[in-house]
Amino acid sequence: MTAPQIVVMGVAGCGKTSVAHAISQITGARLGEADELHPPSNIDKMSRGIPLTDDDRGPWLEDIARWLADGAEAGIPGVIACSALKRRYRDVLRSGGAPIFFVHLRADRNLIAGRMNARTDHFMPTSLLDSQFSILERLRPGEIGIELEAVQTPADLARAALDASGLHTDQDRPTFIGGPA
Ligand SMILES: Nc1ncnc2c1ncn2[C@@H]1O[C@H](COP(=O)(O)OP(=O)(O)O)[C@@H](O)[C@H]1O
Ligand SMILES: O=C(O)[C@H](O)[C@@H](O)[C@H](O)[C@H](O)COP(=O)(O)O
């Protein structure tokens, strides 16, 4: 059985981790955090306020594609928070063969900067937000997913994402049923 996978995407601070966590809470899906798959060199670079390059992101994206494909093949539904800012990055994530539904959380730059400034326990400086927005490519026709304005609570956004995905949860069995897989 191929299990569906959700990638919650968007610029730093848009709420990916919070919404992915809420989706996992509702569905029981395996929760992933792409930041934890970055090599230390990438974390070090971002911590120093230097944007990552495509080359920096290459092996990291391959690792995330593997995480998604392994879950899909093992029949384990998953949800992972991953910036996935460019179309070609999302192509790498899809290349592993996992059926992926993308949830793009969009919000005004000032709103996100405010949230990032209030966050004290994170390596990502707010100064990198402009570079994140400058390379961001929205989902294009043919890409399976949805854009959501990231202004509701994470729980409401999670429910909206699940409604849009066609993935449902069985209240008695907290796992995805149905969906595009
Ligand atoms: N929908 C939301 N409404 C209000 N605050 C939020 C929302 N989503 C996230 N936050 C807060 O904004 C900050 C960034 O959220 P986070 O989930 O870490 O984003 P990301 O994973 O995209 O960097 C956190 O302090 C979080 O508590
Ligand atoms: O591709 C990138 O430039 C990074 O993955 C970046 O987009 C990511 O957002 C950071 O790792 C910060 O982590 P948060 O997204 O959790 O703020």
Side-chain angles (χ1 to χ4, degrees), residues 5-26 29-68 78-95 100-139 145-164:
Q5 308 292 313
I6 293 178
V7 174
V8 185
M9 59 165 281
V11 300
C14 68
K16 300 180 293 294
T17 302
S18 306
V19 172
H21 185 265
I23 290 173
S24 175
Q25 290 277 98
I26 294 169
R30 179 168 75 128
L31 177 63
E33 173 53 75
D35 280 349
E36 292 174 4
L37 298 174
H38 272 304
S41 55
N42 281 1
I43 301 289
D44 181 60
K45 206 168 174 182
M46 290 187 279
S47 303
R48 290 187 285 122
I50 304 168
L52 299 181
T53 64
D54 287 352
D55 285 347
D56 292 326
R57 293 187 180 102
W60 170 69
L61 290 164
E62 297 283 354
D63 284 349
I64 301 162
R66 201 167 306 116
W67 187 95
L68 291 161
V79 55
I80 190 164
C82 171
S83 48
L85 297 173
K86 295 186 188 179
R87 164 67 184 261
R88 88 176 85 127
Y89 299 168
R90 299 190 289 274
D91 287 341
V92 175
L93 300 184
R94 282 184 284 254
S95 69
I100 302 174
F101 187 87
F102 286 90
V103 178
H104 181 188
L105 299 178
R106 302 188 65 227
D108 173 76
R109 187 198 176 286
N110 290 337
L111 176 74
I112 294 177
R115 287 182 186 170
M116 285 178 79
N117 286 334
R119 189 169 69 168
T120 55
D121 55 347
H122 202 285
F123 64 86
M124 190 78 173
T126 308
S127 61
L128 280 181
L129 196 47
D130 287 334
S131 71
Q132 295 263 299
F133 271 108
S134 72
I135 65 164
L136 174 66
E137 294 171 2
R138 295 168 67 173
L139 293 169
I146 188 171
E147 290 184 350
L148 295 174
E149 290 298 316
V151 291
Q152 299 168 281
T153 64
D156 284 344
L157 289 165
R159 278 186 282 272
L162 288 166
D163 284 349

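Counting convention: from 1, in listed order, for ligands and their atoms alike.
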For this session: Can you spot which of Arg57, Glu137, Arg94 makes a side-chain hydrogen bond (donor to acceptor under 3.5 Å, both in side chains) with Tyr89?
Result: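 Per the side-chain hydrogen bond (donor to acceptor under 3.5 Å, both in side chains) rule, the option paired with Tyr89 is Arg57, out of Arg57, Glu137, Arg94.
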
What are the atoms of ligand 2, with element, lying closer than 4.0 Å to any heavy atom of [X]?
{"X": "Gly13", "value": "17 (O)"}
{"X": "Met46", "value": "4 (C), 10 (C), 11 (O)"}
{"X": "Asp35", "value": "8 (C), 10 (C), 11 (O), 12 (C), 13 (O), 14 (P), 16 (O)"}
{"X": "His38", "value": "4 (C), 5 (O), 11 (O)"}
{"X": "Lys16", "value": "9 (O), 15 (O)"}
{"X": "Gln132", "value": "2 (C), 3 (O), 6 (C), 7 (O), 9 (O)"}

Any idea which heavy atoms bring [X] and [Y] closest together, and the distance?
{"X": "Cys82", "Y": "Ile64", "answer": "SG-CD1, 3.8 Å"}
{"X": "Gln5", "Y": "Trp67", "answer": "OE1-CZ3, 3.9 Å"}
{"X": "Ala158", "Y": "Ile23", "answer": "CB-CG1, 3.5 Å"}
{"X": "Ala150", "Y": "Ala107", "answer": "CB-CB, 4.2 Å"}

For this session: Identify, with sequence neighbours excluded, every residue that meets salt bridge (Lys or Arg N to Asp or Glu O under 4.0 Å) alongside Asp163.
Result: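 If we apply the salt bridge (Lys or Arg N to Asp or Glu O under 4.0 Å) test to Asp163, skipping adjacent residues, there are no hits.
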
Exercise. When you measure from atom 1 (O) of ligand 2 to each heavy atom in Arg57, Glu33, Arg119, His122, which option holds the nearest one?
Worked result: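 Looking at heavy atoms only, Arg57 sits closest to atom 1 (O) of ligand 2.
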
Exercise. Judged by atom type as modelled, is there a donor-acceptor pair below 3.5 Å linking the side chain of Asn117 to the main-chain atoms of Thr126?
Worked result: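 No, the answer is negative, given that no donor and acceptor are paired below the 3.5 Å cut-off.
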
Problem set entry | Whether Tyr89 lies under 4.0 Å from ligand 2, heavy atom |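 Tyr89 does not count as a contact of ligand 2 under the 4.0 Å cut-off.
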
Give the table of side-chain donor-acceptor pairs shorter than 3.5 Å for residues 7-18, with sequence neighbours excluded, one pair per line with atom names and distance.
from, atom 1, to, atom 2, distance (Å)
Lys16, NZ, Gly10, O, 3.1
Lys16, NZ, Val11, O, 3.0
Thr17, OG1, Glu33, OE1, 2.7

For this session: Write out the residue and atom name of the closest protein heavy atom to atom 12 (C) of ligand 2, then the distance separating them to 0.1 Å.
Result: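 For atom 12 (C) of ligand 2, the nearest protein heavy atom is Met124 SD, 3.3 Å.
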
Output, or 'none' if empty, a list of ligand 1-protein atom pairs in which both atoms are N or O and the distance is under 3.5 Å, rounded to 0.1 Å.
from, atom 1, to, atom 2, distance (Å)
ligand 1, 1 (N), Gln152, O, 2.8
ligand 1, 3 (N), Arg115, NH2, 3.2
ligand 1, 17 (O), Thr17, N, 3.4
ligand 1, 17 (O), Ser18, N, 2.9
ligand 1, 17 (O), Ser18, OG, 2.6
ligand 1, 18 (O), Arg119, NH1, 3.0
ligand 1, 19 (O), Gly15, N, 3.1
ligand 1, 21 (O), Thr17, N, 2.9
ligand 1, 21 (O), Thr17, OG1, 2.7
ligand 1, 22 (O), Gly13, N, 3.4
ligand 1, 22 (O), Cys14, N, 3.2
ligand 1, 22 (O), Gly15, N, 3.0
ligand 1, 22 (O), Lys16, N, 2.9
ligand 1, 22 (O), Lys16, NZ, 2.9
ligand 1, 23 (O), Gly13, N, 2.9
ligand 1, 23 (O), Arg119, NH1, 2.9

Exercise. Do Ser41 and Asp44 meet the criterion of a side-chain donor-acceptor pair at a distance under 3.5 Å?
Worked result: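 No pair is found: no donor N or O on one side chain lies under 3.5 Å from an acceptor on the other.
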
Exercise. Who pairs with His38 by ring-ring contact (aromatic ring centres under 6.0 Å, His included), at least two apart in sequence or on another chain?
Worked result: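 Expected list: Trp60.
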
